There are 8 protein chains.
Amino acid sequence: MKPQVLIIMGSESDLPVVEETGRILTEFGIPFEMTVASAHRTPDRVRKLATEAEKRGAEVIIAAAGAAAHLAGAVAAHTLLPVIGIPLSSSPLQGFDSLLSTVQMPPGVPVATVAVGRAGAKNAAILAAQIIGRKDGEIVKRLAAYRKKMALDVAKKAGSLKKR
Amino acid sequence: MKPQVLIIMGSESDLPVVEETGRILTEFGIPFEMTVASAHRTPDRVRKLATEAEKRGAEVIIAAAGAAAHLAGAVAAHTLLPVIGIPLSSSPLQGFDSLLSTVQMPPGVPVATVAVGRAGAKNAAILAAQIIGRKDGEIVKRLAAYRKKMALDVAKKAGSLKKR
Amino acid sequence: MKPQVLIIMGSESDLPVVEETGRILTEFGIPFEMTVASAHRTPDRVRKLATEAEKRGAEVIIAAAGAAAHLAGAVAAHTLLPVIGIPLSSSPLQGFDSLLSTVQMPPGVPVATVAVGRAGAKNAAILAAQIIGRKDGEIVKRLAAYRKKMALDVAKKAGSLKKR
Amino acid sequence: MKPQVLIIMGSESDLPVVEETGRILTEFGIPFEMTVASAHRTPDRVRKLATEAEKRGAEVIIAAAGAAAHLAGAVAAHTLLPVIGIPLSSSPLQGFDSLLSTVQMPPGVPVATVAVGRAGAKNAAILAAQIIGRKDGEIVKRLAAYRKKMALDVAKKAGSLKKR
Amino acid sequence: MKPQVLIIMGSESDLPVVEETGRILTEFGIPFEMTVASAHRTPDRVRKLATEAEKRGAEVIIAAAGAAAHLAGAVAAHTLLPVIGIPLSSSPLQGFDSLLSTVQMPPGVPVATVAVGRAGAKNAAILAAQIIGRKDGEIVKRLAAYRKKMALDVAKKAGSLKKR
Amino acid sequence: MKPQVLIIMGSESDLPVVEETGRILTEFGIPFEMTVASAHRTPDRVRKLATEAEKRGAEVIIAAAGAAAHLAGAVAAHTLLPVIGIPLSSSPLQGFDSLLSTVQMPPGVPVATVAVGRAGAKNAAILAAQIIGRKDGEIVKRLAAYRKKMALDVAKKAGSLKKR
Amino acid sequence: MKPQVLIIMGSESDLPVVEETGRILTEFGIPFEMTVASAHRTPDRVRKLATEAEKRGAEVIIAAAGAAAHLAGAVAAHTLLPVIGIPLSSSPLQGFDSLLSTVQMPPGVPVATVAVGRAGAKNAAILAAQIIGRKDGEIVKRLAAYRKKMALDVAKKAGSLKKR
Amino acid sequence: MKPQVLIIMGSESDLPVVEETGRILTEFGIPFEMTVASAHRTPDRVRKLATEAEKRGAEVIIAAAGAAAHLAGAVAAHTLLPVIGIPLSSSPLQGFDSLLSTVQMPPGVPVATVAVGRAGAKNAAILAAQIIGRKDGEIVKRLAAYRKKMALDVAKKAGSLKKR
């Protein structure tokens, strides 16, 4: 099946965080492709990936990077697909740098930014599912089931805390 | 025509920034509805707007708020539609508070966050168009035209700066 | 005995910090109830807890959450009881996000915010006791004893540091 | 009538912000006293005000200060009444300094901190009313009416924004 | 004469700051070219400018941008020339975003970052002169004269402040 | 009379803030000398001023600078006199840069740092008086009088705020 | 011998950092006294210590505290001696809170603030020695020797790094 | 062979990070000298190193320091060579202090600042090579080869991530 989501991470060392994104997309039954490309070390590779993504069937691109995290912005500059950016906390400045570099895009080229690190890696997958859900009602049903399960999990944990 | 985008702002005083969002949606020919609701002062109104948005035909919800900007998150908690958050710089802390309150969502409930203030207000509209574009090729054509025009504008301005 | 304080934490993983709150309330002989509810994953549960708290006998609600910490604000939107917010440092941004998300409430719906993390967890209990003390003189006596004991502890430690 | 709330500001120049607090207390029919005292320039005056407040009939103390805003903490150290702190943005660091100085209290002596500046000045009054409401049901009714009016105001403003 | 320095700004509205760079290069007799190109709105234009700069005779490239300031990094990804980045304070976050986006480059692709705003605009020119000075002793003489003049200016101003 | 305090500012444009320092020293009857020297533009001048200050009769040196405010540290490196640093908020980063550059000195070479801007300019003078007071009891008397007057001013302003 | 420096730490847990201060004072042969007192838990103890310090022979007071670090400011409010503040990084906010709480004192009551944590603990001792040196030439000689030794240490370490 | 790059670190403890700089210069075949000198503990040594560097054959100076990182600025004040600054994250404030102290130089004396910590240590070497490349085409070839290898590494890692 054709990948509907293209996930790009800036460095192979980002994999332990970014594979959360893949794990959740798999849970939703959304086919995806995961690769490494750096906005600075391999700009042409980024441009090629971004430019061809739509033709190759992607509906959404997810880009994860740390420090001066330009990856999502560089991708967004070369596609009209929605681009989701995950800021990673891999530098000594703990994600303040990657967050600001990802979210503060100039007018005209948005990046849909999610939370720094692992929480963002999960939410990027869910946001992608919500976008794809706009044309695939089946995905919306899975989102509804996922959310219901989350709520039940919270209720169950709440139950296990006794009144003291 | 049925509104495809629901825009909610936390306070009427946010209108001068948020009307940029409306202006660009109009440029793309995307019908929208714009209203005021506060996550804290009118939580039931927010819940009702969020819960009914999909049934009323919305494809995307855009929420703009300042300070402890919970509006986008509160909306996202009540819908499976993609929710775009615009952090506004209306408190003395200049948007650092609204940015962190909007983007740092916990796993399970993403908010697609754009830049603080006016740049974000514009980009929220474009991101909404990119999402709607996933099922409406006509919008993608307009996005392509918009981007081409932006590039031409830059080139024109570049031309007007002489070699010195 | 009816719980006078309702403690809500955003995630079960917050328990190691939040149980400090319970420990001190126990020390003051204030009955409390502790549960889990997420402003984003279980908004209806939060609303129900907040809406019913007063009728169920609560005098104060304490809410603890990390990241874009909306929990205390979401509770405050649904009750007229005083709401105390404990920002937790559970994201890579170390509590700057949860602090700003908790304290920067818009006019009309206050959250009584205490310090980030463990210090705040303790102080939330003491602040709750101070509020309850407004109608229960017995609690004020215990607060006075607690404070006297704190002062004695400091003096004792000071004594154990010799002049060098 | 005996003042139920004691409002202390660190400097007379804080009055334009802090009088919002008084305005709202008046709206709730809560008698208050407003004065100036500086934790650093007049520590004995602060101690005297804090120590005597309870005996003089106060239920809550509100303290507003900017920069290294120690006022609320200094008051809290000398009373068992609930103390509400309003951080003001009067230094070049725009309130980051006063917020952290007010909220980050050590275990044992809480300050119920509200938002920086004008929003906080309003919310301090409402929080005080919520605390006093714990023993005065009449105040709770006024809080309910105030909140209802706020919600109606939002709805009215929402109505004035047309679908476009 | 062939331009030795290529100055790129992200938006025409940056000109009032960036023209300081040009003014000082002129003072040093270094020919330069100034243009507009946006990493996000005109990525291909940026790539073309960066890729061809060396062949066209440039020794140094200076890039100035605000917000998520990717311009200098995007240029650096496409050239082996030294690239100087000027972060501008054009967003509500006052330059913290552009500074971190410009300086926090990943290993392999440096950007020589100077101060935020006007001070940086001047220093970019001087740094460019220092680099060009490595192969043009005449420029080093002018730098020496410039620095001597600066020192004299300080001394003169110091003289005009009387002992009191 | 020989100047007991040497005040150095990094730029003539800092005078409107730094003259507060002079004004208060004058009030205390402490003779001082005020000059301009830049750690970066005139390092030799700074070294000379710092090295000779003690011999010329100074008891304390005060250094005021903005941005990467190295002036106080550079002075401290060349003298064994106490050095007081005033961080100024003259860059777009509003004093966060000058504060950190002034206060975060490495072990071995302290700078006695005071508040950013005008408050710091005043306090530098008072701190200098406190240091000089260690060998001149007359100055301590004036400090006591100054503090008493401050307290009276606060009390007077407090009196002018009526109970409402 | 009478202690010339009074060192106060806010909590016994600060001892591992603050004992650096004592170690260096010992090195300079300056007698000191070290104790624990909390601005919030034992305000009267702080006031007593501060008020009596001068009479008991102290020339300088050093105060070390974390979080909303009011200790140095509270001490300074009760003495005309120079007060040195050491901000500690004991809260989740890593010292940003204690630094701002210590340094941003209002006009009239300075705190001579040194670096956050261990570097500051050392420098507080050296700054105290510089102040005492103003009336004790012997201490200045030891400061000169200390500084010479520091310089030699650096040179020695430099020597051990070979040209490569 | 004469060293073309002079590397100065503020403290021997910075060596584990700064040796990355040396490792990469070695890879480029650029001879360098590495030493220790502190802007504050050995200002004369810094001045001597900076003043003589050009005569001794250096083309570029690299300075690495943490906290109030004045080293690069102090060097820049004494040379007309390009100076590259590496901010280190050695204080509790994690590099925010060293970054601002290094990059925010006043007009007239630039420091070419690279990223905080290890990434910056590597990039300082590459930036030095780019500057030296301006008069040594051989170095440019090595830079081209280095960059090509980086790109291949990324592509290889990308290949090892399978479509899932």
Side-chain angles (χ1 to χ4, degrees), chain B residues 9-14 36-51 63-80 83 85 87-113 116, chain C residues 9-14 36-51 63-80 83 85 87-113 116:
Chain B
M9 68 196 83
S11 157
E12 198 200 11
S13 61
D14 302 331
V36 178
S38 158
H40 299 116
R41 284 169 292 168
T42 62
D44 293 325
R45 179 174 166 78
V46 167
R47 184 167 46 100
K48 194 165 182 296
L49 284 165
T51 309
H70 299 185
L71 184 59
V75 167
H78 285 293
T79 184
L80 298 170
V83 175
L88 301 178
S89 64
S90 50
S91 92
L93 304 184
Q94 294 168 301
F96 284 102
D97 45 3
S98 56
L99 173 56
L100 297 180
S101 301
T102 300
V103 78
Q104 286 293 84
M105 292 290 289
V109 188
V111 165
T113 306
V116 177
Chain C
M9 67 196 85
S11 156
E12 199 201 10
S13 61
D14 302 331
V36 179
S38 159
H40 300 115
R41 283 169 293 168
T42 62
D44 292 327
R45 179 173 164 78
V46 167
R47 185 167 46 100
K48 194 163 180 296
L49 284 165
T51 309
H70 300 184
L71 183 59
V75 168
H78 285 293
T79 184
L80 298 170
V83 176
L88 301 177
S89 64
S90 50
S91 92
L93 303 183
Q94 296 168 303
F96 284 102
D97 45 4
S98 55
L99 172 56
L100 298 180
S101 302
T102 301
V103 78
Q104 286 293 84
M105 292 290 290
V109 188
V111 165
T113 305
V116 176

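As the structure is a computational prediction, the values presented were derived from the model and not from experiment. Convention: sequence-line order gives letters A, B, ...; per-chain numbering from 1.
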Next on the checklist: Restricting to non-hydrogen atoms, name the atom on C/Ala68 and the atom on B/Ser101 that form the minimum distance, rounded to 0.1 Å.
Outcome noted: CB-O, 3.3 Å

Next on the checklist: Does any backbone or side-chain atom of C/Ala65 lie under 4.5 Å from a heavy atom of chain B? Answer side chain, backbone, both or neither.
Outcome noted: neither

Next on the checklist: If we ignore hydrogens and angles and just use 3.5 Å, is the side chain of C/His70 paired with the main-chain N or O of B/Met105 as donor and acceptor?
Outcome noted: no

Checklist entry - Who among C/Gly108, C/Ala77, C/Ala74, C/Ala69 has the most heavy-atom pairs with chain B under 4.5 Å? => result C/Ala77

Checklist outcome for this item: One option among B/Val109, B/Val111, B/Val103 has the most heavy-atom pairs under 4.5 Å with chain C, and it is B/Val109

Next on the checklist: If I take atom OG1 from residue C/Thr102 and atom CG from residue B/Asp97, how far apart are they, to the nearest 0.5 angstrom?
Outcome noted: 12.0 Å

Checklist outcome for this item: Listed by number, the residues in residues 37-44 of chain C that come under 4.5 Å of chain B (heavy atom to heavy atom) are C/Ala39, C/His40, C/Arg41, C/Pro43, C/Asp44

